[in-house]
Number of protein chains: 2
Amino acid sequence: MTAQRKQEGTKSIPGTLHVPEECRQVSEVLQRIGDKWTVLVVGELGGGPRRFNEIRRGLGSISQRMLTLTLRGLERDGLVTRTVFPTVPPRVDYELTKLGRSLLDPVNQLGSWARQNQPAIRQAREKFDAVAR
Amino acid sequence: MTAQRKQEGTKSIPGTLHVPEECRQVSEVLQRIGDKWTVLVVGELGGGPRRFNEIRRGLGSISQRMLTLTLRGLERDGLVTRTVFPTVPPRVDYELTKLGRSLLDPVNQLGSWARQNQPAIRQAREKFDAVAR
DNA sequence: CTGGATCCATAGCGATACTG
DNA sequence: CAGTATCGCTATGGATCCAG
């Protein structure tokens, strides 16, 4: 942690894996799934296919507008499929694709991190806010 | 993948780990680090302590306002430390805390996912956009 | 060099009303 | 039931100017 920065320029560190290129991609994905609802919807769909209002009730507070937009985004990125049953009243099922399910894994990793460290974060936050003026 | 939804109500699935509670935490963390710059700054600091303008040049395009805000947020959450050297001109070093470095791991996991699947995502996106009107 | 203060444009999101 | 359309609020972020 001491002798580590002489003139690494743009070459980045060989051992670790956060090359600028990779960082950009992480950033893109995070901005994509880092909105208010995406991961919650994905989590809900992680339990199997769901209908529109099932998801809605599962999340409790999402507006139908945001649920529509979120599902459209996920569908666009190939993370969920949308299946319309031409019945009356209409029925639409949403389900994670293979790609969508593969996302559950890294997201759960981040979930573990969150659970382990959120107390520390909250503590740091309170401390910071107490000192700040 | 077939016999999986009878009446699981609010109890969620035992095998997997995306209980609503956990999902909420993931969502919070993602919204926190899912902004435009946070992970990029964390990535930059992953290479060791950096000065304000070093980070800025490392990212290339961030405004100093956003860099300040991003660093403040990270400092508030206990993810980076801020060290002021009372010289003239002033010099300020930012460095990941242990907590901050621990975040690199799950973030890199997501980075791997991003690299592996972004081609598929882009492809799905183009296909969707082509069909959509 | 490090950042605070302002102003402004845009994106995200909620509320509500309307439709097949 | 599953959306679409519209509105308005707030958050996010960039540009610019000022200061220790």
Side-chain angles (χ1 to χ4, degrees), chain A residues 5 24 27-42 44-45 49-77 80-95 125 128-129 131-133, chain B residues 5 24 27-42 44-45 49-77 80-95 128 131-133:
Chain A
R5 49 196 288 251
R24 265 196 35 259
S27 184
E28 277 184 40
V29 176
L30 277 174
Q31 285 177 72
R32 173 61 190 75
I33 67 174
D35 63 23
K36 195 171 182 179
W37 299 110
T38 295
V39 285
L40 296 177
V41 171
V42 170
E44 188 73 16
L45 291 177
R50 294 284 140 87
R51 303 181 54 171
F52 188 86
N53 278 340
E54 275 182 325
I55 304 173
R56 195 166 178 203
R57 278 188 299 272
L59 302 186
S61 57
I62 190 173
S63 67
Q64 88 281 47
R65 171 184 140 86
M66 287 318 296
L67 183 51
T68 300
L69 290 178
T70 303
L71 287 168
R72 284 294 171 282
L74 288 169
E75 188 192 358
R76 183 170 108 105
D77 288 353
V80 312
T81 57
R82 178 173 181 271
T83 311
V84 181
F85 299 89
T87 60
V88 40
R91 170 205 175 116
V92 183
D93 269 26
Y94 292 92
E95 183 173 13
R125 207 173 282 191
F128 184 92
D129 293 348
V131 175
R133 70 231 81 188
Chain B
R5 47 195 290 251
R24 265 197 36 259
S27 183
E28 278 185 39
V29 174
L30 277 174
Q31 285 177 72
R32 172 62 190 75
I33 68 175
D35 63 23
K36 196 169 180 179
W37 299 109
T38 294
V39 285
L40 296 177
V41 171
V42 169
E44 187 73 16
L45 290 176
R50 295 282 139 91
R51 302 183 55 174
F52 188 87
N53 277 341
E54 274 182 325
I55 303 172
R56 196 167 176 202
R57 278 188 299 273
L59 302 187
S61 56
I62 188 173
S63 67
Q64 92 278 49
R65 171 183 140 88
M66 288 317 296
L67 183 51
T68 301
L69 289 178
T70 303
L71 288 168
R72 285 294 172 281
L74 288 170
E75 188 192 358
R76 182 169 109 104
D77 289 353
V80 312
T81 56
R82 178 174 181 269
T83 312
V84 181
F85 299 90
T87 59
V88 41
R91 171 207 175 114
V92 182
D93 269 26
Y94 293 91
E95 184 173 12
F128 184 93
V131 175
R133 70 233 85 176

Select base, sugar-phosphate, or nothing to describe what R56(A) touches, counting heavy atoms under 4.0 Å on all strands.
nothing
For W37(A) and for P89(A), find the nucleotide of DNA chain C with the closest heavy atom, then tell me which residue's nucleotide is more 5'.
W37(A)
Terminal axes of the helix from dC1(C)-dG20(D) to dG20(C)-dC1(D) (five pairs each): angle between them, nearest 10 degrees
40°
Hey, what do you get for CD (E75(A)) to OH (Y94(A)), rounding to the nearest 0.5 Å?
6.5 Å
Need to verify one output field. Residue with the more 5' nearest nucleotide on DNA chain C, R57(B) or L69(A)?
R57(B)
Of all heavy-atom pairs linking V39(B) and I33(B), the shortest is CG1-O, 3.8 Å
Residues in salt bridge (charged side-chain N to carboxylate O under 4.0 Å, His left out) contact with R32(A), at least two apart in sequence or another chain:
D77(A)
Per-pair distances, 0.1 Å, donor-acceptor, side chain in residues 67-74 of chain B, under 3.5 Å, sequence neighbours excluded:
unit_1: T68(B); atom_1: OG1; unit_2: Q64(B); atom_2: O; d: 2.8
unit_1: T70(B); atom_1: OG1; unit_2: M66(B); atom_2: O; d: 2.7

Are any of the side-chain heavy atoms of E95(B) and L45(B) separated by less than 4.5 Å?
no
Can you see which heavy atom on T87(A) is nearest to which on P89(A), and at what distance?
OG1-O, 2.9 Å
Selection: residues 60-68 of chain B, any non-hydrogen atom under 4.0 Å of DNA chain D
S63(B), Q64(B), R65(B), M66(B)
What is the separation between atom NZ on K36(B) and atom P on dG12(C), rounded to the nearest whole Å?
11 Å
Under 4.5 Å between any side-chain heavy atoms of L40(B) and E44(B), yes or no?
no
Which comes earlier along DNA chain D counting from the 5' end, the contact point of Q31(A) or that of P90(A), where each point is its nearest nucleotide?
P90(A)
When we call it a touch if two heavy atoms are under 4.0 Å apart, what does Y94(A) touch: a base, just sugar-phosphate, or nothing?
sugar-phosphate
Provide the full list of side-chain hydrogen bond (donor to acceptor under 3.5 Å, both in side chains) pairs with a residue in residues 33-42 of chain A, sequence neighbours left out, each pair given once.
D35(A)-T38(A)
For chain B, the stretch of DNA chain D it reaches, first to last nucleotide, under 4.0 Å of its heavy atoms
dG13(D) to dG20(D)
Which distance, rounded to the nearest 0.5 Å, do you find between the CZ of R57(A) and the CZ of R51(A)?
8.5 Å
